[in-house]
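The block underneath contains the structure these notes are about, expressed in structure tokens.
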Amino acid sequence: MKITLNRINDDFLFECTNGQGNSILLDNTSQPGAKGVSPMESVLMAVAGCSGIDVVSILKKQRQEIKSFQAEVEGERVQVEDAKPFKSIKVKFLLEGEIDPKKALKAAELSFEKYCSVSKTLEPNVEIGYEVFVNGEKI
């Protein structure tokens, strides 16, 4: 796996491109007029995307009918010398459709305990938690 980062303005705007040519913009969001996401926001996006792919994949294999899928991810940071790494990350899955709540909860559990490479990468240093809501009800 390889990505390429290219600076595309005179400040902090970078384009990151993968081997298939897909890209995202990273920027220093503490500056006015930022046109991309911060690198730390991209970490939260990666957790959401990785676990989201897992949950949807598991539920589709179980023939659950997902009408809507959303994840909200919040990260708490802590000062460590000059850096501010994540101390904890919490993921909230919001699913709508003909979905067995027990299957949705099990899918999230499997994602974080077994499949999600992003959360597994962060896990030794970051506490990761999750909640699952199906049709507005917390499971």
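- No more than 12 heavy-atom neighbours from other residues, nucleotides or ligands sit within 6.0 angstrom of CD on E127.
- Between E96 and G136, the shortest heavy-atom distance links the atoms OE2-N, 3.8 Å.
- Screening residues 129-139 for salt bridge (charged side-chain N to carboxylate O under 4.0 Å, His left out) gives K90-E131, E131-K138 as the qualifying pairs, with residues at least two apart or on separate chains.
- Residue I53 shares its hydrophobic cluster (ILVMFWY side chains chained together at separations under 4.5 Å) with no other residue.
- Put simply, V118 and F69 are part of the same group of oily side chains (I, L, V, M, F, W, Y) that touch within less than 4.5 Å, one to the next.
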Atom pairs and distances, side-chain donor-acceptor, residues 55-62, under 3.5 Å, sequence neighbours left out:
none

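- Here the CD atom belonging to E76 is positioned 5.0 Å from the NZ atom belonging to K87, to the nearest 0.5 angstrom.
- Sorted by first and then second residue, the pairs that involve residues 105-125 and meet salt bridge (charged side-chain N to carboxylate O under 4.0 Å, His left out), not counting sequence neighbours, are K106-E109, K120-E123.
- Using a 4.5 Å cut-off on side-chain heavy atoms (C-beta onward), L25 and I8 make contact.
- Residues E81 and Q79 approach most closely at O-NE2, 2.9 Å, considering heavy atoms.
- Open room surrounds CD on E98; 12 or fewer heavy atoms of other groups in view lie less than 6.0 Å from it.
- With a 4.5 Å cut-off on side-chain heavy atoms, V73 and I89 count as touching.
- If you look at F112 and Y130, their ring centroids are closer than 6.0 Å.
- S51 OG to L110 CG: the interatomic distance, rounded to the nearest 0.5 Å, is 12.5 Å.
- In terms of heavy atoms, V134 sits closest to A104 at CG2-CB, 3.7 Å.
- Residues Q64 and D100 meet the side-chain proximity criterion, which asks for heavy atoms closer than 4.5 Å.
- Inter-residue side-chain proximity for L122 and V47 is flagged as met; some heavy-atom pair is nearer than 4.5 Å.
- With hydrogens and angles ignored, the 3.5 Å screen pairs a side-chain donor or acceptor of N135 with a backbone N or O of G97.
- Atom OG of residue S88 and atom CZ of residue R77 lie 12.0 Å apart, to the nearest 0.5 angstrom.
- Under a hydrophobic-cluster definition in which Ile, Leu, Val, Met, Phe, Trp and Tyr are linked whenever side-chain heavy atoms come within less than 4.5 Å, directly or via other members, I128 and L105 are assigned to the same cluster.
- Y115 and F93 fall into different hydrophobic clusters, where Ile, Leu, Val, Met, Phe, Trp and Tyr residues are linked whenever their side-chain heavy atoms come under 4.5 Å apart, directly or through other members.
- In this structure, CZ on F12 lies 7.5 Å from OG on S30, to the nearest 0.5 angstrom.
- Evaluation of the salt bridge (charged side-chain N to carboxylate O under 4.0 Å, His left out) test over residues 17-44, restricted to residues two or more places apart or in two chains, returns none.
- V37 and L13 end up in different hydrophobic clusters when Ile, Leu, Val, Met, Phe, Trp and Tyr side chains are linked at under 4.5 Å.
- Residues I66 and I139 fall within the same hydrophobic cluster, defined by Ile, Leu, Val, Met, Phe, Trp and Tyr side chains chained together at heavy-atom separations under 4.5 Å.
- To the nearest 0.5 Å, atoms CG (L26) and OG (S42) are separated by 5.5 Å.
- Residues V43 and F86 have side chains in contact (heavy-atom distance under 4.5 Å, counting atoms from C-beta outward).
- Side-chain contacts under 4.5 Å among hydrophobic residues (ILVMFWY), followed directly or transitively, place L94 together with F133.
- Interatomic distance, CG of L95 versus NZ of K67, reported as 13.0 Å (0.5 Å rounding).
- The backbone N or O of N9 sits less than 3.5 Å from a side-chain atom of R7, completing a donor-acceptor pair.
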